[in-house]
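Residue indices begin at 1 and follow the sequence shown. Both counts, for ligands and for their atoms, begin at 1 and track the order of listing.
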Amino acid sequence: MDAAGRFVVSFLDGVHDAPANGPELPARAAEEFGTPPAEHAGRFDELLATFGDAGRYALETAGPRFFAYIPTGGLPSAAIAELLARAVNRQTALAWAAPGLVAMEEGVLRWLCAEFGLPAGSGGVITTGASMGTLSAVVAARHHHLGQAFGDGTVYVTEHTHFCVAKAARIAGIAPENMRVVPTTRDLRMDVAAAARVIAADRAAGRRPFLIVGTAGSTATGTVDPLPDIAALARREDLWLHVDAAYGGFFQLTERGRDRLAGIASADSITLDPHKSLFQPHGTGVLLVRDPGALRAAHVDEAPYLHDLGTTDVPPNYGDLGAELTREFRGLRLWLPLHLHGVAAFRDALDEKLDLAAHAYDELRRVPEVHLPLRPELSTVVFRHVAGDEATRRLLDRINSSGRVLLSSTSLDGHTVIRMCVLSHRSHAEHVDEALDVIRRCVTRVPTAPAGRPRTRSGGRTRQGE
Ligand SMILES: *Cc1c(COP(=O)(O)O)cnc(C)c1O
């Protein structure tokens, strides 16, 4: 335990100045790291050294200059919570087995429901990420509106909706041809009037619209859909409204964020990713639902080998609210940092990210070679080289091969754009300013005529999202 503690302290001391991107993993090393366990006992110091070494071949996602994809912080207090929860190792699928711990987890969920303006009686479940929460939400929507005969049920998204929604729908048995990609307006938001027309056409053809998805902070640009208008449409059409707030959700803790996310309180379900905008370690998502009964009805089951278990109606059985049965005490990961640092610390940190993104936008507007198609709504700034896509890609390669910062790209209106997403709790003004310096330095050196482009580890990683 002491050696592991020393390792963690030394890692955290070094992470502030670590390179943004580790070395390429040599094939020989991959073989060595993948050695199967031996019959004889190993030595902890050697095994810890192997872990430390293997971890170096990686994007420095924990570092302060990671602005690619959606940065995920990883609060040390959450890691300590994890150690405690795992060592005590309670089962929290069935509240009866550890009602005190489930009550702690419920306290966090109740606080979240209140922050998002969901009514008394709402609830949720802590998942491993937004994709798993989305799957449960889609299954609940399908079960609630369509029952078992759902072959003609249709779903409404836009091209900027995260692909986890289409994936969840596919897994939930919704045919890909029943997914409707509604047009967006010029500012990348769902065109709600167009959505109404598509829904009417589907009804006229005998299909059964049941689910519409609004995004509160798109992965690519942080754009927020017009949630009040989508909510009004959902009410009129009797659709389940799911809001994907995996990236943007926790900005709700700030005054500016609440303004931008207005309307989210009308959702039937909301997915959040504490491992993004609440600085938690990877593997922490949340699904909030207006009616936990609908979530339970879609997932609950029983078996004779569970008959000896006691029952308790409050707090809920998380095993009834999703695909998982056995689950760790996930709640401590949120509970400890929130209670230890206080909610205000999170509000302040998120306000700081909004300020930093606005600052980056203002500074980049002064660079003549750079075009910024959008003002950031949350903490993501997108820009491209005025000389075109090839120059933009070369600029990104140059920025990333600096080894100091890491940015990523996406495609917008058929053009390549570079994304800078400020979200780690470790990213402060000095790190954003360093990134801006790197961008300014690289932009003047980008040849705008075709030439050989340097390859970097991130060169091939142009996929949207994480
Ligand atoms: C990251 C993200 C997801 C997927 O969440 P996971 O936690 O990676 O499963 C869904 N929606 C949005 C908007 C995201 O940014």
Would you mind running through ligand 1 and noting each atom that sits below 4.0 Å from a heavy atom of [X]?
X: T219; value: 12 (C), 13 (C), 14 (C), 15 (O)
X: H275; value: 7 (O)
X: G217; value: 13 (C)
X: D273; value: 1 (C), 5 (O), 6 (P), 7 (O)
X: H162; value: 2 (C), 3 (C), 4 (C), 10 (C), 11 (N), 12 (C), 14 (C)
X: Y247; value: 15 (O)
X: A246; value: 2 (C), 3 (C), 10 (C), 11 (N), 12 (C), 14 (C)

Contact summary for [X] and [Y], nearest pair of heavy atoms:
X: L423; Y: F279; value: O-CE2, 3.2 Å
X: A298; Y: A140; value: CB-CA, 3.7 Å
X: S218; Y: H160; value: CB-O, 4.0 Å

Q.
Between ligand 1 and M132, can you find any atom pair, the residue atom being a heavy atom, that is separated by under 4.0 Å?
A.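 No heavy atom of M132 comes that close to ligand 1.
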Check your understanding: Do any heavy atoms of S218 fall under 4.0 Å from ligand 1?
Key ->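 Outside the 4.0 Å threshold, so no.
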query: If you measure from the Lys or Arg side-chain nitrogens to the Asp or Glu carboxylate oxygens, is any gap between E328 and R86 under 4.0 Å?
result: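 Yes, charged N to carboxylate O under 4.0 Å.
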Nearest 0.5 Å please: distance from the CG atom of L241 over to the CD1 atom of I264.
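So the CG of L241 and the CD1 of I264 are separated by 9.0 Å.
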- Task: May I ask you to identify, for C164, whether its side chain, its backbone, both or neither come under 4.0 Å of ligand 1 on a heavy-atom basis?
- Result: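 For C164, the contact with ligand 1 is made by the side chain alone.
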- Please work out which of T271, V165, D244 has its closest non-hydrogen atom nearest to atom 12 (C) of ligand 1.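 Heavy atom nearest to atom 12 (C) of ligand 1 belongs to D244.
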ask   = Which one of D320, D291, D301 satisfies the salt bridge (Lys or Arg N to Asp or Glu O under 4.0 Å) criterion with R296?
value =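 Exactly one option meets the salt bridge (Lys or Arg N to Asp or Glu O under 4.0 Å) with R296, and it is D320.
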Could you tell me whether K276 and ligand 1 have an N or O pair separated by under 3.5 Å?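 Checking ligand 1 against K276, an N or O pair does fall under 3.5 Å apart.
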Parallel, tilted or perpendicular, judged at 30° and 60°: which one describes the rings of H341 and F346?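 H341 vs F346 ring planes: tilted.
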Report task. Just say parallel, tilted or perpendicular for the rings of F51 and F7, cut-offs at 30° and 60°. Result ->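 Ring orientation of F51 relative to F7: tilted.
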